[in-house]
Each structure stands twice: as structure tokens, then as C-alpha cells.
Number of protein chains: 2
Amino acid sequence: MSSYHHGNLKQELISCASKICERDGYTKLSIRSLAKESNVSQTAPYRHFKTKEDLYAEIAREGFDNLHKAISKSKSQNTQDVLVSASKEYLKFGTKNSNTYDLMFGTAVPDFTKYPSLFKSANSVYRHITTLFAAYSKNKDSKFIQEKCIDIWAHLHGLVGLLRKLEVVPAKLVEMPDTPFMAVNKINEDLDGYLKRFIKNI
Amino acid sequence: MSSYHHGNLKQELISCASKICERDGYTKLSIRSLAKESNVSQTAPYRHFKTKEDLYAEIAREGFDNLHKAISKSKSQNTQDVLVSASKEYLKFGTKNSNTYDLMFGTAVPDFTKYPSLFKSANSVYRHITTLFAAYSKNKDSKFIQEKCIDIWAHLHGLVGLLRKLEVVPAKLVEMPDTPFMAVNKINEDLDGYLKRFIKNI
DNA sequence: GTATTATGTTAGCAGTGTCAACATTAAAAT
DNA sequence: ATTTTAATGTTGACACTGCTAACATAATAC
């Protein structure tokens with residue numbers, strides 16, 4: 001009588017999946033448990049996602065949209081400050097939403113072009129970084145800007161990975177020499193300073 | 001009669017798993033199929049690996065050892081050339097062994113400290129980069145060297161990710177503006193030049 | 001040579017992605 | 001307004017997974 005049809009299942013599944021994904025990691029996310037959590041039969045999600053990868057793509061898209069929002073916050077007039085601030089937000093997003101970040105940049109969805117909206121959201125993030133850097137850079141040559149944006153993105157992406165490892169590692173290992181942790185920890189303790197130097201040095 | 005005991009199962013499983021992992025991605029690797037491929041019962045691997053993560057750790061360790069070998073090849077006297085060559089080998093390893101690379105740097109084994117030999121192998125790679133850079137760098141300050149090594153590593157790691165996306169993407173998208181692919185492709189076409197500039201600019 | 005330990009096997013549990021067949025309802029076509 | 005159709009839900013099933021317990025056999029230590 002009341003609710004054979006759910007009404008808003010698709011969006012609820014995506015939201016719920018995003019939560020589980022962030023809490024437990026995307027490998028722990030199962031379509032069946034997802035269905036259970038939404039009080040719906042085990043195969044109901046298949047009316048909205050043909051495969052699990054389709055669901056992953058949706059979560060990843062939401063992730064890129066959130067990342068875009070995060071790095072678009074700064075409203076400063078100083079183009080360098082904006083770039084530094086965006087970089088910081090990027091690192092924050094990657095470390096605070098690390099499981100989702102994994103899904104976004106890992107191999108769960110190997111080919112973004114299969115999912116146009118995901119492809120678009122991901123590229124928007126890149127385009128935004130390009131815009132910020134173009135505004136900051138003295139050298140306005142397009143090829144130069146593009147290459148430097150790759151540099152920035154690659155660098156930030158790598159840092160996210162390292163900062164995450166830092167969180168997992170036992171505290172005493174942070175002081176262990178011959179290990180990247182000490183250096184990363186130093187960076188982490190003065191992120192602003194580090195990022196300012198980084199941007200300036202590009 | 002002949003072979004109730006296999007004799008060398010553990011190593012064969014690791015080798016076989018490495019192959020499957022590289023061919024199909026580590027998510028496709030199953031202990032059962034692995035056992036089948038070695039003509040052994042479904043649960044035999046559990047005598048050698050308590051959990052799947054233990055097996056992953058072993059594959060990852062092998063990966064780090066191979067990465068170490070790869071970036072240690074150059075025998076040039078010129079410290080800059082050595083660094084450039086090692087960087088190139090790093091990128092090559094990451095793109096040619098991309099599925100294994102995923103396993104090594106992803107979340108399949110979240111905490112390396114649980115696996116001492118893996119931890120050691122991974123750190124050896126980092127130490128090697130440190131050594132190469134320390135030999136090259138004019139500035140011998142330890143803190144400086146450590147931070148720059150993080151920079152190098154992060155940068156290379158990020159590039160691996162981008163280069164891999166490039167391989168997946170349809171050819172025509174490479175020429176699409178507002179997309180990182182064109183820039184990455186340019187870099188890829190002259191990797192040596194790019195890396196030389198990169199190292200010089202550090 | 002016997003006891004112990006390492007390494008293999010079989011049977012089975014609970015959970016998974018996915019599909020086919022069927023049920024119900026909302027939306028569109030008439 | 002009624003009927004058709006498409007969307008969205010459910011049940012049941014298949015083949016697969018990680019993993020455990022109970023048992024079998026072989027290598028090793030004494």
C-alpha cells in the first residue's frame with residue numbers, strides 16, 4: 001500500500017554509498033548491504049545502476065564536485081594566495097576524504113570517458129586549477145601554463161598519498177630516519193609555508 | 001602418491017599471483033583461482049597466507065624490490081644524469097606495471113608496518129632516491145634534501161597516475177582542450193627533456 | 001621408530017555481483 | 001477516463017568469493 005515504490009531511491013543510494021565508501025573504503029561497499037540499509041530488496045539498486053562500476057562512477061562524480069567546491073572557496077584578490085589556498089584545500093580534501101579520493105583516482109573506474117558526467121566533473125577540477133594558475137603566472141604562454149598545471153596537480157596528488165601514509169603510521173615511526181615520514185611530517189606541520197614556497201618556486 | 005606436498009608452493013603462489021595481479025588488476029585476483037592455477041586445492045594457499053592482505057603484501061614487496069632494481073640501473077658518473085634516468089625508470093615502472101603499482105601505493109595494504117619486509121623494501125626505494133638526490137644536490141642540508149626528495153617522489157607519483165590515464169583515454173581525446181591529456185601527452189613525447197628541466201628546477 | 005609439525009584436502013558457511021522471471025505502480029498515449 | 005507501456009520494485013537462483021573447521025599425509029626432530 002504505502003511504499004512499493006521508494007520515490008527517491010537512486011539519490012538515496014548514492015548518498016548512502018558515499019557515506020559507506022568514505023567510512024569503510026570502497027572495497028567494503030556492497031550493493032546488497034547498500035540495499036539493506038535503504039530498506040529495499042537486494043536487487044533493487046540494479047534498476048538504477050547496471051553494474052557496481054556505474055555506482056562507483058556516481059560516487060566519484062560526487063567526489064569531484066565536492067573537490068571542485070572545496071578548491072573554489074578562496075575569494076582573495078591576490079592570485080598567489082588563491083593558488084596557495086586552493087592547494088591547501090586540495091590536500092585537505094584528499095586527506096579528510098581519503099577513501100573517496102581513492103575511488104576518484106584509483107582504478108575502480110578505469111575509464112572516465114565511459115561516464116560523461118564523471119568525465120565532465122573531473123575535468124572541471126583540472127580546468128579550475130588551470131584558471132587559477134593562469135591568473136597567477138607571469139608567463140602567459142599556454143603550453144607553459146599547461147605543463148606547470150600538470151606539475152602542480154601531480155605534486156599535490158603525490159603529497160596526498162604521503163600525508164595519508166603519515167596518518168596510518170605509528171607515532172614513533174615519524175621520528176625514524178631513512179623514512180619519508182619525518183620529512184612529510186615536517187611539511188605537514190607548516191603546510192602554509194611549504195605551499196607558499198612550492199608555488200613560488202614553480 | 002607422487003605429490004601430496006607441492007614442495008615450493010609459497011613462492012609459486014606469489015609469482016603466479018603477481019602475474020595475475022599485473023594482468024587483471026589486484027581486485028580480480030582470487031585465492032581460489034590462484035590455487036586452481038597451481039593445481040592445488042582451494043584452501044591450500046591459507047597454509048602460507050593467513051589472509052588475502054598477507055598475499056597482497058607479498059606481491060607489493062616484490063613490486064618494491066623490482067622498482068628498486070629498476071631505478072638503480074644507471075651507472076653514469078654524472079649525478080644529474082643518474083637522477084634523471086632513475087626518474088625515467090620510475091615512471092616506466094609505474095606505467096608498465098600499473099596494476100602492481102596500484103597495489104603498492106593504494107589501500108590494499110593500508111599499513112605497511114604490519115609487514116616488516118614490505119616496510120623495509122618500500123623504504124629502500126625512498127632511501128635510494130634520497131641517496132641519488134643527496135649526491136646531486138649542491139645544498140647538503142639534510143632538511144632541505146629530505147623535503148626535496150618528498151617533492152620528487154610526490155611529483156613522479158602524480159605523473160604516473162596521469163600517464164596511466166593517458167593510456168586509457170581514446171586517441172582523439174588527447175587533442176581535447178580543457179583537459180589534462182594534451183599537456184600530459186606533450187610531456188610524454190619528450191620525457192627526457194621534461195625530466196631534465198624538472199630536476200634542474202628543483 | 002615414533003611424536004610433532006608443516007602442509008595438503010574436503011566440506012561447508014556466510015557473503016558477493018549479477019541475472020531472469022514476476023509484481024506493482026506511475027506516466028504516457030489513446 | 002481508460003488503457004497501454006515503461007519504470008521500478010521483489011523473489012529466487014547461479015556461480016563465485018574469503019575464510020574456517022576437521023581431517024589426511026608427509027617431512028622433520030627426537
Side-chain angles (χ1 to χ4, degrees), chain A residues 1-21 23-60 99 102-103 106-111 114-115, chain B residues 1-21 23-60 99 102-103 106-111 114-115:
Chain A
M1 17 136 227
S2 71
S3 60
Y4 187 97
H5 279 96
H6 181 284
N8 196 24
L9 185 54
K10 181 168 185 175
Q11 195 47 55
E12 180 169 323
L13 286 174
I14 295 175
S15 303
C16 189
S18 286
K19 258 178 231 152
I20 294 177
C21 177
R23 199 190 52 211
D24 306 330
Y26 69 89
T27 48
K28 304 288 179 195
L29 173 66
S30 91
I31 289 182
R32 290 163 104 106
S33 68
L34 188 59
K36 199 178 269 178
E37 198 131 338
S38 293
N39 291 316
V40 97
S41 84
Q42 294 181 338
T43 57
Y46 281 88
R47 296 295 138 184
H48 303 280
F49 311 102
K50 271 180 77 155
T51 67
K52 205 179 177 186
E53 191 184 318
D54 286 19
L55 174 60
Y56 281 157
E58 214 70 59
I59 303 171
N99 282 329
D102 250 18
L103 178 51
T107 38
V109 186
D111 182 5
K114 274 171 66 183
Y115 304 94
Chain B
M1 21 141 227
S2 72
S3 58
Y4 188 96
H5 279 95
H6 181 285
N8 196 24
L9 186 54
K10 181 167 185 177
Q11 195 48 55
E12 181 170 322
L13 287 174
I14 296 175
S15 303
C16 190
S18 286
K19 259 178 230 154
I20 294 176
C21 176
R23 200 189 51 211
D24 306 329
Y26 69 90
T27 48
K28 303 288 178 193
L29 174 66
S30 90
I31 289 181
R32 290 163 104 106
S33 68
L34 187 61
K36 199 179 267 179
E37 198 131 341
S38 293
N39 292 316
V40 98
S41 84
Q42 295 181 339
T43 57
Y46 282 88
R47 296 294 138 185
H48 303 281
F49 311 102
K50 271 180 76 154
T51 67
K52 205 180 179 186
E53 192 184 318
D54 286 19
L55 175 59
Y56 282 156
E58 214 70 61
I59 303 172
N99 282 328
D102 251 17
L103 176 52
T107 38
V109 185
D111 182 5
K114 275 171 64 182
Y115 303 95

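Model, not experiment: these values are computed from the prediction. Just so we're on the same page: letters track the sequence lines, and every chain starts at 1.
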With rounding to the nearest 0.5 angstrom, report the CG to OG1 distance, A/Asn99 to A/Thr27. 8.0 Å

Over how many whole Å does the gap from B/Asp24 atom CG to D/dT17 atom P extend? 12 Å

Among C/dG8, D/dG9, D/dT20, the nucleotide that comes nearest once only the side chain of B/Tyr46 is considered: D/dT20

Would you say that B/Glu53 contacts B/Pro110 through its side chain, given a criterion of any heavy-atom pair below 4.5 Å between the two side chains? yes

Strictly below 4.0 Å, N to O, side chains only: are B/Lys19 and B/Glu37 in salt-bridge contact? no

Could you state the atom-to-atom distance from OH of B/Tyr56 to P of D/dT17 in whole Å? 12 Å

Residue whose closest nucleotide on DNA chain C lies nearer the 5' end, B/Asn39 versus A/Ile31: B/Asn39

To the nearest angstrom, the CZ-P distance between A/Arg47 and D/dT11 comes to 13 Å

Atom NZ of A/Lys52 and atom C1' of C/dG15 are separated, to the nearest Å, by 11 Å

If you find the nucleotide of DNA chain D closest to A/Asn8 and the one closest to B/Glu53, which residue's nucleotide is nearer the 5' end? A/Asn8

When we call it a touch if two heavy atoms are under 4.0 Å apart, what does B/Leu55 touch: a base, just sugar-phosphate, or nothing? nothing

Closest listed nucleotide, where the reference is the side chain of B/Thr43 and the choices are C/dG17, C/dA11, D/dG9: C/dA11

Between CG of B/Leu13 and P of C/dT7 the distance, given in whole Å, is 12 Å

Whole angstroms only, please: what is the CG-P distance between B/Leu9 and D/dT25? 19 Å

Give the nucleotide from the list C/dT16, D/dG18, C/dT9 with an atom nearest to the side chain of A/Ser30. C/dT16

Measure NZ/A/Lys50 against P/D/dT8 and give the value in whole Å, please. 15 Å

If you compare all heavy atoms of A/Ala35 against all heavy atoms of A/Ser41, which two are closest, and at what distance to 0.1 Å? CB-O, 3.3 Å

Would you kindly check whether a donor in the side chain of A/Ser33 faces an acceptor in the base of C/dT16, or vice versa, at under 3.5 angstrom? no

Send over the distance from B/Phe49 CZ to D/dT20 P, rounded to a whole Å. 15 Å

Between A/Ile20 and A/Tyr26, is any pair of side-chain heavy atoms under 4.5 Å apart? no

Kindly say if A/His48 contacts the phosphate of D/dA7, meaning a side-chain N or O under 4.0 Å from OP1 or OP2. no

Check if the side chain of A/Arg32 and the base of C/dT18 share a donor-acceptor pair of N or O atoms closer than 3.5 Å. yes

